[in-house]
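Whatever order the structure lists ligands and atoms in, that order sets their numbers, starting from 1. Predicted model only: the values in this text are computed from it and were never measured.
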Amino acid sequence: SVKLEHGAHRLGKRTDKPMQAWRNYGLGQFIHWGVYAIPGGHWEGQYYPGAAEWIRSWKGMPKDAYDNLYKQFNPKKFNAKAWAKQAGDMGAKYVIITTKHHDGFCLWPSKYTDYTVANSPYKKDIIGQLVEAYDAEGIDVYLYFSIIDWNHPGYRSTLKSEQDRKEYEEFKKFTRNQLVELLTLYPSTKGLWFDGSWDKAWTEQAEFADALGKELREMIPGLIIGSRFRPDDNGNRHFDTNGDLIGDYEQGWERKMPNTIEDTNGNDWDCVMTVPENQWGYHSDWKGHVKTTNELIEMLVKAASLDGNFVLNFGPDGQGNIRSEETRLAAEIGEWMKENNEAVYGCGYLDWEKQDWGYYTVNRETGKKYMTVFNIPVSGALRVKVPGKTKLNKAYLLNDPGASLELEEIHRNEYFIHYKPASATDRPFVIGVETTDAK
Ligand SMILES: C[C@@H]1N[C@@H](C#Cc2ccccc2)[C@H](O)[C@@H]1O
């Protein structure tokens, strides 16, 4: 391997308590909210086909018009406690909240810029209300922060001149000041979720970003920062020049998921997922495929089965309402989690051969094993292959642990669990299995 001054700051999975808690979350909520929710994907009757939170970059959106939208930002329906309760009822154990997206508008009263909620008609600190409400709900808070800031005069995507460099130095100080400000104002923050760090200008800042990361970690012991934050000496992000993860978990799974444990490189990871194909901020007119409750439950369980967390995005509208589609999904996912969360919380990868009916998970503490069934075989026979010295002794429906399901040993280390729901089921179900693992 090559010597790096600013490569991975540590190797292997973190084993400290905050990271163990992170690893066991299973389900999170992402909140994308800002002034982009006001136009909601339209401007002067034109439909914006891109991601709603990127509307400022659209040729159909005059920049000065966008940059004055904050003067209309007055979300009278915003209710942080209601949002937190809804997330808690869904079963979310952590929340990632946009403090500032690429447009640079701050949902907290930053003293380093005027482009904040304090100078909008709403005036009040949105981040502070959300942190308080989610903490009270027992949901750990993570702050999303965009390195890209289209509002700051010193921001550059690339550094082409000495003047660029000079102004970018001011931008770097501003970025550091805002991050220190956020952790100072909201010390219960468990981690930072960085975005917009792909610009060449930023990937040339290995020394600065490495020092900034160290400073932030010293402010909050145990602070969790993913692989999207900073570059290594050679401008690599996520993985350094030696292939080592830069950060506490892999943060590359945006609107996509690993399919095998090998895809995860043995790292912790989170998948952040939109309900429509690609809308994070509020778009009033979702087009294309909108994911169903069962699709999202499958992603959630698949993530847990591969040692990852699944984070579902919510994009509140300009008045502070959670839209009806998201409210319905939160309720239906919550209903399923109420009965089946034992197969998700604190669970991870079980090294049994994957079968077509669904996913295995195993509780990291108890060793209890679960099968979450999404595809009921027409044969009614759920195939289970166990490793060498393992014996399958019992299988039971999680929601009816007293009744053992019929087990048939068909080969050495291979069983059928004979079960087909008596009536049509429109939700996945969980089977608990008990084994003995001869030495
Ligand atoms: C978490 C998500 N990352 C942001 C992005 C992006 C992006 C931008 C260009 C090309 C591909 C992806 C989205 O706006 C949202 O915040």
Side-chain angles (χ1 to χ4, degrees), residues 27-41 48-59 61 66 69 87 92 94-108 126-127 130 141-151 155-158 175 178-179 182 191-203 224-231 237-238 247 249-258 269-284 286-288 290-291 296 299 303 308-318 323 326:
L27 177 60
Q29 178 191 41
F30 216 142
I31 295 176
H32 273 76
W33 200 31
V35 293
Y36 42 74
I38 296 172
Y48 171 50
E53 70 283 356
W54 275 74
I55 194 170
R56 186 182 187 276
S57 67
W58 178 41
K59 63 181 186 318
M61 168 57 84
Y66 184 93
L69 285 174
Y94 69 127
V95 64
I96 304 167
I97 309 168
T98 50
T99 59
K100 174 181 92 170
H101 203 259
H102 310 331
D103 60 6
F105 181 68
C106 302
L107 293 182
W108 83 99
I126 285 174
I127 298 301
L130 286 168
V141 174
Y142 290 70
L143 300 181
Y144 167 109
F145 185 90
S146 172
I147 299 292
I148 289 175
D149 183 326
W150 296 323
N151 185 265
Y155 164 71
R156 296 288 186 280
S157 56
T158 55
T175 298
Q178 283 203 318
L179 286 162
L182 283 166
L192 294 167
W193 206 95
F194 285 96
D195 199 9
S197 55
W198 49 76
D199 285 336
K200 192 166 180 320
W202 183 256
T203 62
I224 294 171
I225 300 177
S227 62
R228 203 177 279 197
F229 169 44
R230 69 176 178 85
R237 289 165 55 247
H238 297 289
Y249 64 94
E250 187 178 353
Q251 210 183 334
W253 303 102
E254 178 174 319
R255 297 189 301 120
K256 59 187 180 187
M257 298 186 77
W269 57 279
D270 68 359
C271 164
V272 290
M273 189 56 72
T274 50
V275 176
E277 176 53 35
N278 186 17
Q279 292 296 340
W280 299 89
Y282 176 74
H283 199 305
S284 60
W286 280 354
K287 289 200 184 314
V290 176
K291 295 174 191 74
L296 294 167
M299 291 180 185
N309 288 329
F310 184 69
V311 185
L312 182 61
N313 183 70
F314 286 60
D317 71 15
R323 67 198 295 156
E326 292 169 354

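The two atoms that bring Ile225 and Tyr249 nearest to each other are C-CE2, 4.1 Å, heavy atoms only. In plain terms, the two heavy atoms of Pro316 and Phe314 that are nearest each other are CD-O, 3.5 Å. The two residues Asp149 and Lys100 have their closest heavy-atom pair at OD2-NZ, 2.9 Å.
At least one N or O atom of His101, backbone or side chain, sits closer than 3.5 Å to an N or O atom of ligand 1. For ligand 1, the polar-atom distance check against His32 finds a nitrogen or oxygen pair separated by under 3.5 Å. Close N/O approach between Trp193 and ligand 1 is not found [any backbone or side-chain N/O within under 3.5 Å].
Proximity of Tyr36 to ligand 1, defined as any heavy-atom pair under 4.0 Å, is not found for any part of the residue.
When each atom of ligand 1 is checked for a heavy atom of Glu254 under 4.0 Å away, the hits are 1 (C), 2 (C), 3 (N), 4 (C), 5 (C), 6 (C).
The closest protein non-hydrogen atom to atom 3 (N) of ligand 1 is Asp195 OD2, 2.7 Å. For atom 7 (C) of ligand 1, the closest non-hydrogen atom of the protein is Trp198 CH2, 4.0 Å. At the shortest separation from atom 14 (O) of ligand 1 among protein heavy atoms lies Glu53 OE2, 2.7 Å.
Using a 4.0 Å cut-off between charged side-chain N and carboxylate O, Glu277 and Arg255 make a salt bridge. Salt bridge annotation for Arg228-Asp195: present, with a cationic side-chain nitrogen under 4.0 angstrom from a carboxylate oxygen.
In summary, the side chains of Tyr66 and Asp103 do present a donor paired with an acceptor at a separation below 3.5 Å, with no hydrogens or angles considered.
Evaluated by nearest non-hydrogen atom to atom 8 (C) of ligand 1, the leading choice among Phe30, Tyr144, Trp280, Trp54 is Trp54.
For atom 11 (C) of ligand 1, the nearest protein heavy atom is 4.0 Å or more away.
Only one option out of Tyr144, Trp150, Trp54 pairs with His101 in a side chain to side chain donor-acceptor pair (under 3.5 Å); it is Tyr144.
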